[in-house]
Protein chains: 2
Amino acid sequence: MEKTDTRQVECATHLASVEDAIYVLGGKWKLRIMIALVTGYHRFNELQRAIEGISARVLSSELKSLELNGLLKRVVKADQTPVVVEYLPTEYAETLKEVIAVLGNWGLKHKKRITGKISQPA
Amino acid sequence: MEKTDTRQVECATHLASVEDAIYVLGGKWKLRIMIALVTGYHRFNELQRAIEGISARVLSSELKSLELNGLLKRVVKADQTPVVVEYLPTEYAETLKEVIAVLGNWGLKHKKRITGKISQPA
DNA sequence: CCGTATCCCTTAGGATACTG
DNA sequence: CAGTATCCTAAGGGATACGG
């Protein structure tokens with residue numbers, strides 16, 4: 001079997017790539033925050049309200065992590081009276097749309113499958 | 001602004017869906033195990049060797065979780081001399097291929113972006 | 001409103017050792 | 001080979017309170 005090597009390499013490559021993705025997007029909150037962000041929620045408290053269950057402390061630290069990875073930009077508008085801070089998805093965040101769509105889709109179908117539980121053939 | 005409601009609902013739906021997906025596929029190992037599985041690694045120790053860094057304890061518990069979610073099937077071949085156990089991806093696991101592909105792809109590009117670090121325009 | 005600081009608890013997951 | 005048992009640490013994340 002000489003294809004073994006090829007397969008091993010392919011597997012290792014896949015492994016490394018999703019590892020990278022998980023490193024950046026993994027955890028309970030990061031993708032959810034990105035969803036809220038691209039949906040149009042930009043203010044801190046707005047985000048906290050949209051993402052049920054997240055605490056200010058966690059939201060804050062996750063936002064920093066996401067900014068470091070270039071997925072959002074923290075913008076301070078000093079010209080307003082009570083300084084307005086906005087978290088805006090970057091252009092780069094667009095690349096996540098596919099990820100979110102695919103993952104969300106899978107989650108949706110999976111839930112149906114689990115709850116519906118049609119007798120699947122083995 | 002009367003589209004707000006629609007947007008809120010859409011966001012909530014997305015949120016719930018990826019939440020479900022993360023619940024099933026989240027964590028450091030589950031997706032990696034599925035990759036190894038569909039790549040063709042089926043035996044316990046084989047998997048442990050393919051997925052660098054995973055301990056027997058974790059591999060074992062993750063395999064159970066994945067089986068519960070219908071993504072793999074544990075098959076015992078009692079007809080061999082030293083009983084052979086195989087973990088086989090189910091048909092359903094096919095639905096993950098897209099997820100893995102998209103996520104892996106994103107991870108790959110992201111790594112290039114981070115390491116290469118071409119001056120991106122804001 | 002926009003966060004940070006503290007404190008604490010739970011969980012994921014690593015190390016090692018051991019059994020059928 | 002295929003796991004389980006134990007133990008332990010680190011990190012994630014919740015609650016509350018507080019400051020700019």
Side-chain angles (χ1 to χ4, degrees), chain A residues 15 18-37 40-69 71-89, chain B residues 15 18-37 40-69 71-89:
Chain A
L15 246 16
V18 316
E19 184 170 353
D20 292 336
I22 288 175
Y23 187 78
V24 177
L25 306 173
K28 192 170 173 181
W29 299 112
K30 298 209 183 64
L31 273 177
R32 296 196 222 182
I33 292 171
M34 290 312 299
I35 291 173
L37 234 44
Y41 297 101
H42 298 318
R43 310 284 299 276
F44 191 91
N45 285 347
E46 211 174 48
L47 286 166
Q48 204 183 346
R49 259 169 283 143
I51 306 166
E52 199 154 346
I54 197 169
S55 71
R57 185 187 143 287
V58 171
L59 178 55
S60 174
S61 79
E62 295 292 67
L63 286 172
K64 278 173 191 161
S65 160
L66 292 168
E67 188 176 15
L68 272 177
N69 280 296
L71 291 167
L72 65 84
K73 188 123 184 68
R74 184 178 187 271
V75 177
V76 182
K77 304 198 166 170
D79 48 331
Q80 330 271 301
T81 338
V83 174
V84 167
V85 180
E86 283 195 339
Y87 295 91
L88 302 173
Chain B
L15 247 15
V18 316
E19 185 171 351
D20 293 334
I22 289 175
Y23 187 78
V24 177
L25 307 174
K28 192 172 173 180
W29 300 111
K30 297 208 183 67
L31 274 178
R32 295 195 223 182
I33 292 171
M34 291 310 302
I35 291 173
L37 234 45
Y41 298 101
H42 298 319
R43 311 283 299 276
F44 192 90
N45 285 346
E46 209 174 49
L47 286 165
Q48 203 182 348
R49 259 169 283 137
I51 306 166
E52 198 155 346
I54 197 168
S55 72
R57 185 189 144 284
V58 169
L59 178 56
S60 173
S61 79
E62 295 291 67
L63 286 171
K64 279 174 190 160
S65 160
L66 291 168
E67 188 177 15
L68 272 177
N69 281 296
L71 291 168
L72 64 85
K73 188 124 184 69
R74 184 180 187 271
V75 178
V76 182
K77 303 197 167 172
D79 48 331
Q80 329 273 302
T81 338
V83 175
V84 167
V85 181
E86 282 195 341
Y87 294 91
L88 302 173

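In what follows, every chain begins at residue 1, and chains take the letters A, B, ... in the order their sequences are listed. This is a predicted model, so every value here is computed, not measured.
- For B:Arg57, there are no side-chain hydrogen bond (donor to acceptor under 3.5 Å, both in side chains) partners, not counting sequence neighbours.
- Listed pair B:Arg49 / D:dC1 meets the phosphate criterion, a side-chain N or O lying under 4.0 Å from OP1 or OP2.
- Under the salt bridge (Lys or Arg N to Asp or Glu O under 4.0 Å) criterion, B:Glu46 pairs with no residue at all, not counting sequence neighbours.
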Under 3.5 Å, which donor-acceptor pairs do the side chains of residues 20-30 of chain B form with other protein atoms, sequence neighbours left out?
unit_1, atom_1, unit_2, atom_2, d
B:Asp20, OD2, A:Lys111, NZ, 3.4
B:Lys30, NZ, B:Gly26, O, 3.3

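- For A:Glu52, the CD atom is loosely surrounded, since the number of other residues' heavy atoms within 6.0 Å does not exceed 12.
- The CG atom of A:Leu88 sits 5.5 Å away from the NE2 atom of A:His42 when rounded to the nearest 0.5 Å.
- The outermost nucleotides of DNA chain C lying under 4.0 Å from heavy atoms of chain B, listed 5' to 3', are C:dG13 to C:dA15.
- Contact record, B:Tyr87 with B:Leu72: CD2-CD1, 3.8 Å, taken as the closest heavy-atom pair.
- The CG atom of B:Leu71 sits 6.0 Å away from atom CG of B:Leu66, with the distance rounded to the nearest 0.5 Å.
- Stem list for DNA chain C (at least 3 consecutive Watson-Crick or G-U pairs, distances under 3.5 Å): C:3-20 with D:1-18.
- B:Leu47 approaches B:Ala36 most closely through the heavy-atom pair CD2-CB, 3.7 Å.
- Near DNA chain C, meaning a heavy atom under 4.0 Å from it, residues 19-30 of chain B has B:Gly27, B:Lys28, B:Trp29 in order of number.
- Residue order along DNA chain D, read from the 5' end via each residue's closest nucleotide, puts B:Arg43 first among A:Glu62 and B:Arg43.
- Between A:Ile54 atom CD1 and D:dA15 atom C1' the separation is 14 Å, expressed in whole Å.
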* Using a 4.0 Å heavy-atom cut-off, write out nucleotides 3-11 of chain D from 5' to 3' as B (base contacted by protein), S (sugar-phosphate only) or - (no contact). => BBBBB----

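- Within the structure, every pair that satisfies the side-chain hydrogen bond (donor to acceptor under 3.5 Å, both in side chains) test and touches residues 58-69 of chain B, not counting sequence neighbours, is listed here: A:His110-B:Asn69.
- Applying the side-chain contact (heavy atoms from CB on, under 4.5 Å) criterion to A:Leu15, with sequence neighbours excluded, gives A:Cys11, B:Arg32, B:Ile35.
- In this structure, CD1 on B:Ile51 lies 5.0 Å from CD1 on B:Ile33, to the nearest 0.5 angstrom.
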* Does the pair B:Val85 and B:Phe44 meet the rule for a side-chain contact (heavy atoms from CB on, under 4.5 Å), with working shown? -> CA-CA 8 Å; B:Val85 181; B:Phe44 192 90; over 6 Å; no

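- Between B:Arg74 and B:Val76, the shortest heavy-atom distance links the atoms NH1-CG2, 3.4 Å.
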